[in-house]
Number of protein chains: 2
Amino acid sequence: MVQDTRELNRSAVLTTLLLERPASRKKLATAAGISAATVTRTVEQLIGEDLITETQEIVSEQRGRRAVQLDLRADLGIVAGVDLGASKTRIVIGHIHGTPLAVRELATPGTLDLPALIDWLAGVILDLSSGFAAPLRQVALGVPGSLEIPEQRISHAPNLPQIEGTEFLAALRRSLPCPVVCDNDANFALLGELHFGAAAHSPNAALLSLGFGLGSALAMDGRVLRGTRGLVGEFGQLPIGPMGARLEHLVTGGGILRQAELAGIALESPADLFVSDPAPRIAALRQQFEQGLMVALTAVSVSCDPDTVVLSGGLSRALAPELARYQELLGGHLRLAPRLELATLDDFSGAVGAMVSALQHCYRDLGALPEALPRLPRGVHVDRARLAALKSVEPVVPVG
Amino acid sequence: MVQDTRELNRSAVLTTLLLERPASRKKLATAAGISAATVTRTVEQLIGEDLITETQEIVSEQRGRRAVQLDLRADLGIVAGVDLGASKTRIVIGHIHGTPLAVRELATPGTLDLPALIDWLAGVILDLSSGFAAPLRQVALGVPGSLEIPEQRISHAPNLPQIEGTEFLAALRRSLPCPVVCDNDANFALLGELHFGAAAHSPNAALLSLGFGLGSALAMDGRVLRGTRGLVGEFGQLPIGPMGARLEHLVTGGGILRQAELAGIALESPADLFVSDPAPRIAALRQQFEQGLMVALTAVSVSCDPDTVVLSGGLSRALAPELARYQELLGGHLRLAPRLELATLDDFSGAVGAMVSALQHCYRDLGALPEALPRLPRGVHVDRARLAALKSVEPVVPVG
DNA sequence: GGTTTTATTTTCATCGAGCAATCAAATCTA
DNA sequence: TAGATTTGATTGCTCGATGAAAATAAAACC
């Protein structure tokens, strides 16, 4: 509690710059509520630390001396957001400014044993990130399982059992030259949609991932809720059916196929449930699904009072035509029902959210104020078209 | 961002004192990480503001000069925690130090119209708080309904419909000489149990209130979650039964009676469901209840990953003998199931929690650091015996 | 009564912020 | 083209607040 006023101003100026990038000293002084003199001195320090730099002045339309624009140094580094799925692994390399630089979608070699899987993953990350003339500063990894915070243990990952326990993460950390944070894939997907997707401008939001399994995530005030034992959002465990059947047996791709089999109906894919003119027996099955979906939607709604619930995962695309009806149904169950939206980043919500998280960890390490992190990165736009375009980009672009 | 270092030290010293009450200057300096010289000056300022005061020195067992103990001034004020229930209204007057001073339990005159109800409530609060030689600084009011934050509107209060809308709160505020905060009764009940009851030492906790209605509340990191529209915790809305029947129709006192009536069973009270040797038809009804209870317990568990789930409300006492079995059942549904506990403050969880909230608002207004509030008040013990003893105390005790 | 120990206050050097003057670099105007 | 004007950035200066250390205070010990 000593002379931290200087440190405090450093943080304030840096944070303001991250929020209003790029900005002149004058603008920083106004926005941060600090005198111009102090900003000059603080900026000098930050430049000395090789953190920020003066950039091109904008062609001014005003009279008077042109403001010198400042920005985070472009060669500070890059981050990697990784979504390690049971079948596909998706990676988004992000520039320190927040821009996605490269995107990859690979088949996860799920049959490999643990050391080989770690080798493969570390190799892929290093390979993709080495094409840029800036160091890799942070990796964020989404996994199809829960993370127990105190011991950094991954549990409950039936679709990729090798990674359960603590060894996978520990070994991956040894194989990578920078910090690695890890979280549940749904949590990162929600973070991605919060920043660039369907839940932008909804600080309170939830995500329901309807795929082969059921995942969900909750966010309040722009912050994704994360319990210490990774239990948050596991609504699939709700014992709602007769005999304690779980919700995940009703509203997942796997569950639908199983229910169909039990009922003696031949379904090729879970999406067949949503054909426009279903046979009566399929309609019954579908009604069962929809009942479960309503439970799931209600559950996430009363958990964090979201403005928006984002639906993602393979099944979500199949039920898109029914969305308006579901919205109405939910309104019947719930006063003040949240808005239902499909994920706009498609299968890349998770990887993009991981990139966002990695960036936030970077900014925090650089000294940004923690309370501003949920609003960072700012001034960047990411959408599916941009990601698609980057899939084919060779990572040979020198940054800066 | 100017010379706020002084203000910052003031907050730090005050917060440390609240956390380590009472404390000497030396102790404050060590605990807050501030130099002794600065603490001396800051304490001088706080004494000048009539906020803190020197108290009796402790009889020292050490050599050397005795440390002068400092404490919040006892005559700073009192707060009122009010739990306005549909049938009973409970009030706990709390000293600024956190000690409960007076406790009342009154029948709510639920048949009064709005102005008369407000008059009655304001009168009761003023009457009870006027017996102490210290001003009433803050009132916290728990209501059997939801609070929509932006407009301060109470909604969803079927058992006390007069208070719905914005007028009740607005008029009550006009009738009381100090700030009034309002929240859902379950939220305050959880806050009470978090501080003094079954969830003490569980920063992540949830509460399930099983009474005539179903209420619940969630807390993470010692902070009760509160959505902007008061939807958090309304798990009663879960449409889990056939034909969209809601969870609240299964696990509430009212629901049980209705189900029994539908089944043609005569029940005098919901508690009859839990007799030790039930008739087969009652056992079936009970099983239905327990299925609903499991859904509710699972739902709160996966919403905030609690270490403890507190059961409160009239029904919770009836099912106490079955608690161990429910704990086991829950463990079967859920890996890492939370601990189930009965509320230890009985019917006063809500009023005590409201008192806690009122105190926290006081401390915040005095300048305590927001991040310390979830740990305040400290060093006070409240239990049902103490509350019971205070029910009969006449409020004529001059404070200080 | 002197010594030792511990708490608090005072003294004093230093640090860092803001104000205001100054410098810098534009556009505007005759 | 040479001021005048406007706006941004820097610098000199003062002042307030902190912390280290010295001084003082108040106890126990011997």
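Protein chains get the first letters and strands the later ones, always in sequence-line order, with residue 1 at the start of each. Source: prediction; values computed, not measured.
- A heavy-atom distance below 4.0 Å to DNA chain D is reached by none of the residues of residues 14-25 of chain B.
- Rounded to an integer number of Å, the gap from CG of B/Leu28 to P of C/dT6 is 19 Å.
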Close N or O pairs between protein and nucleotides 28-30 of chain C (under 3.5 Å):
residue	atom	partner	partner atom	Å
C/dC28	O4'	A/Arg63	NH1	3.4

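- No option in B/Arg378, B/Gln360, B/Met355, B/Arg375 other than B/Gln360 meets the side-chain contact (heavy atoms from CB on, under 4.5 Å) test with B/His195.
- Taking only side-chain nitrogens and oxygens, A/Asn9 comes nearer than 4.0 Å to OP1 or OP2 of C/dA17.
- Atom C1' of nucleotide C/dC23 and atom CZ of A/Arg66 are separated by 18 Å, given to the nearest angstrom.
- In this structure, B/Arg65 atom CZ and C/dT3 atom C1' are separated by 18 Å, rounded to whole Å.
- A donor and an acceptor atom, one from each side chain of A/Arg173 and A/Gln152, are located under 3.5 Å apart.
- Between the NZ atom of B/Lys26 and the P atom of D/dG19 there is a distance of 16 Å, rounded to whole Å.
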Checklist line | Test salt bridge (Lys or Arg N to Asp or Glu O under 4.0 Å) applied to B/Glu371 and B/Arg223, step by step | finding: CA-CA 10 Å; B/Glu371 59 267 30; B/Arg223 237 173 262 272; over 6 Å; no
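- Closest approach of B/Ala205 to B/Ala199, counting heavy atoms only: CB-CB, 3.8 Å.
- Taking atom CD on B/Glu7 and atom C1' on D/dA17, their separation rounds to 14 Å, with Å as the unit.
- The CZ-C1' distance, from A/Arg10 to C/dA17, rounds to 18 Å in whole Å.
- Applying the ring-ring contact (aromatic ring centres under 6.0 Å, His included) criterion to A/His361, with sequence neighbours excluded, gives no partner residue.
- Here C/dT6 is the nucleotide among D/dA27, C/dT6, C/dC23 with the atom lying nearest to any side-chain atom of B/Gln62.
- Interface residues of residues 35-47 of chain A facing DNA chain C, ordered by number: A/Ser35, A/Ala37, A/Thr38, A/Arg41; criterion, heavy-atom separation under 4.0 Å.
- If you measure from atom CG of A/Leu8 to atom C1' of C/dA17, you get 13 Å, rounded to the nearest angstrom.
- When rounded to the nearest whole Å, the span between CZ of A/Arg6 and P of D/dG16 equals 21 Å.
- By the side chain to side chain donor-acceptor pair (under 3.5 Å) test, A/Glu44 pairs with no residue at all, sequence neighbours left out.
- A/Asp221 pairs by the salt bridge (charged side-chain N to carboxylate O under 4.0 Å, His left out) definition with nothing, not counting sequence neighbours.
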